[in-house]
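Each chain gets a letter, A, B and so on, in the order its sequence line appears, and its residues count up from 1.
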Amino acid sequence: METTPGTGDENANRSGEAPETVAQPGTATDETSVTEEGTELERSIGLTGGLSIGIGTMIGAGIFVFPGLAAGRAGPAAAGSFAIGAFIALLVALPASELATAMPKSGGGYYFISRALGALPGAIVGISIWLGLVFATAFYLVGFGNYAAAVLAEAGVSLGGASVVVPLALVFGVLLTGLNLFGTENAAKLQNYVVGLLLTILVLFLGYGGLDALGVFGSASTPERFMPFGPLPMFTTAALVFTSYLGFAQVATVAGDIKQPGRNLPLAMIGSVLIVGILYVATIFVATSAFGSIALSNFGETAIVEVARAFVGRFGAVAILLTGLLATISSANASILSTSRAVFAVSKDAILPRVASRMNLKYGTPHVALAMGGGPTLALVALGEVEVLAEVASFLHLVMYGLICVALVAIRRNEPAWYDPDFRVPVYPLVAVPGAIASFGLIAFMQPASQIIGVAIMLAAAGWYKYYARDVSLKGVL
Amino acid sequence: MSDDLTIREPPKILVPIQVLEGQTLPETLVEFLAPASVVVLGYHVLPEQTPTEQASMQFEERAQTAVDDIAYAFHEAGREVETRVAFTHDRDQTVARVAADVGATATLLPNPVGEIDDLLVAVRGAIDIDRLADLVSTLVGSNDRRVTVWGVAPSDSEFDAEAGVAAARETLLDRGVAAHRITTEVSASARPVADIVGRTDEFDVIVMGESDESLSSLLFGDETERVAEGAIAPVLVVRKRSDRSTSG
């Protein structure tokens, strides 16, 4: 496996490291993958675990951060923005599912793209997605900070008027990274319970709110004009809130650990998009019916708390505040874990130095990769710009999503011998082509600042590849 | 070795070892197990934030070497063993999968041990007596090892501990274990598992059956695991036959 540094070997990076094959996809069974030396790698995440990764990553943002921001931009049509997001996410989730069942390996989207389209697009996506996840984590942490600050305010704790959002987000960012570095307790079960609890509370809340909005209790609320600002804001808002749909691809980053990947990967990816999509649209509908979009917008990131207060009083507000804390922290944590997996996948292929995939035996954790996620995240949290963070995260993910669709088309038009997915997208061109167009198209509706940052990151990734790893070839290398 | 004639199902023992944690098998235990066929499973448990691929990239060779060392110890004792290496997030899942895969009749939960002279066979519920006897008689062999068959069950239990112990003794005699080496005891106990753990310091190796899925195992974890955690001696857990569902 090891190559001598500096020999100018083909297919090696500047430090002489070659991409490492750990397990051939052909060896994957329902329960293990097997390495070349015959070591078995146990698959231990079931369907519940997969759904909980997908939903747990996504739900924090769409319900607990965006309703106020989105309603302020698009009015009640914000519900349409979330529906557009769900539709695009589904168009991508289908091709991603097919590719993941053919290549059930750590790395997800990066892996498919590098194998189907080659090392340069792979490197751009791999590095972009690492940083995209860093932006997403920072965004979830700032969302958490807003909730934590609101909890303090609710409890009557005054901190001299200074904003505590960013400091709280920073403290928890450090705490979560630390937990993942040193925590050897398995938190997966806990995450499943947290997601179950979140779903229960939300269904109760939305059920009550929905009946209320339809006039079952008291009088029906007066409908606002659906698109007070015209149709364009619905699309720009869809671009903003697309961050709420970044979780389904995270299921593919743990594909190597999923049991019965042929069945569970598609179910977990498509299922989590459908579940959160329905919840998001229902939330916006209930929230805009309760308050009207202008009032909602004025409540900012924690608007949903005021909606709960209007329905059930202080108890409702406190319940939703605590739920929001849980949801944003579970999203942040899931993203930190995905970041570390993204870094590992790229470093395994010698596009980043191999040292990034080192782990320490004492804690058994990938400390370098976790630090490469946690460090930049904290720097971004300090900026505290929720909308830019969200959009850059979306931008970088959308590039990957579009390329996943392109990868499917490329691979299906000329199927390699090893390509044997358990799940095949029916009439794939009708899914993958609109999926690619929609993913790239959504980018056009973003703020210029986010577009500039996104393009700069991609160019930097391409530059890094040219400098460090231009001899690495990955196309069709399994 | 003439005893082998009466063995119906040659026992196969799965020996899971946490190789990267420096766990090893005492030499006396290697010699004790060598008459049976043995599968050594070197495993390493990872926290969920670490992909198994990532761990295998860095530690596969080390794990393989450690397992090969254990296989060599068995080789010295005259037994060629099968080896497996696994990286996992869930030890129990891996051990259960490999046990079913290789058709193991018993799984070892290793603990330190010195000379092995006294075996405790704890019978605390319906157990596959043939499998148990095949295992114990193969391991005891023609040595002077003593076997204590102990029936331990709550007094209000449906399980007739007395009859279970008698049947186990009969079957051991059939398999060629000399009568003077078998002692039998029966106790009523409200907490069989705790009582078995309490006596592990009197014996060198414990043999017991797998637990049924029960409410208490859901609440407190698998009973055999609780024994293994509390036990001072190595524990051999006799597995249920996997074809039981088709026959009954």
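- Listed options Leu361(A), Leu370(A), Asn180(A) were ranked by heavy-atom pairs under 4.5 angstrom with chain B; first place goes to Leu361(A).
- Of all the heavy atoms in Gly364(A) and Leu46(B), the pair that sits closest is O-CD2, 4.3 Å.
- For Ser357(A), the parts lying under 4.5 angstrom from a heavy atom of chain B are both the backbone and the side chain.
- Looking at Arg62(B), the atoms closer than 4.5 Å to chain A (heavy atoms on both sides) all sit in the side chain, from C-beta outward.
- Surrounding CD of Glu61(B) are at most 12 heavy atoms belonging to other residues, nucleotides or ligands under 6.0 Å away.
- The shortest distance between side-chain heavy atoms of Gln49(B) and Leu181(A) does not fall below 4.5 Å.
- At a threshold of 4.5 Å between non-hydrogen side-chain atoms, the residues Arg358(A) and Gln54(B) do not count as touching.
- Residue with the most contacts toward chain A among Leu20(B), Val85(B), Thr83(B): Val85(B) (heavy-atom pairs, distance under 4.5 Å).
- Counting heavy atoms of neighbouring residues, nucleotides and ligands inside a 6.0 Å radius, atom CD of Glu80(B) exceeds 12 of them.
- One distance of note links OG1 of Thr39(A) with NE2 of His44(B); it measures 12.5 Å at 0.5 Å rounding.
- Taking every heavy atom of both residues into account, Leu41(A) and Ser56(B) meet most closely at CD2-CB, 3.7 Å.
- The most heavy-atom pairs under 4.5 Å with chain A, out of Thr94(B), Val98(B), Thr88(B), come from Thr94(B).
- Looking at Glu53(B) and Phe344(A), their side chains come closer than 4.5 Å, going by heavy atoms from C-beta outward.
- Here CZ of Arg43(A) is found 15.0 Å from CG of Asp90(B). Values are rounded to the nearest 0.5 Å.
- The part of Phe59(B) that comes within reach of chain A is its side chain, from C-beta onward, which places non-hydrogen atoms under 4.5 angstrom from that chain.
- Using a 4.5 Å cut-off between heavy atoms, Gln58(B) contacts chain A through its side chain alone, with no backbone atom that close.
- Residues Thr35(A) and Glu60(B) bring a donor and an acceptor atom of their side chains to less than 3.5 Å of each other.
- Met359(A) and Ala55(B) get closest at one heavy-atom pair: SD-CA, 3.4 Å.
- Within 6.0 Å of atom CD in Glu27(B), 12 or fewer heavy atoms from other residues, nucleotides or ligands are found, so the atom counts as exposed in its surroundings.
- Between chain B and the residues Ile336(A), Leu337(A), Asp257(A), the largest count of heavy-atom pairs under 4.5 Å involves Asp257(A).
- Considering only heavy atoms from C-beta on, His89(B) stays 4.5 Å or farther from Glu42(A) through its side chain.
- Contact of the Met57(B) side chain with the Arg354(A) side chain is registered, since non-hydrogen atoms from C-beta on lie closer than 4.5 Å.
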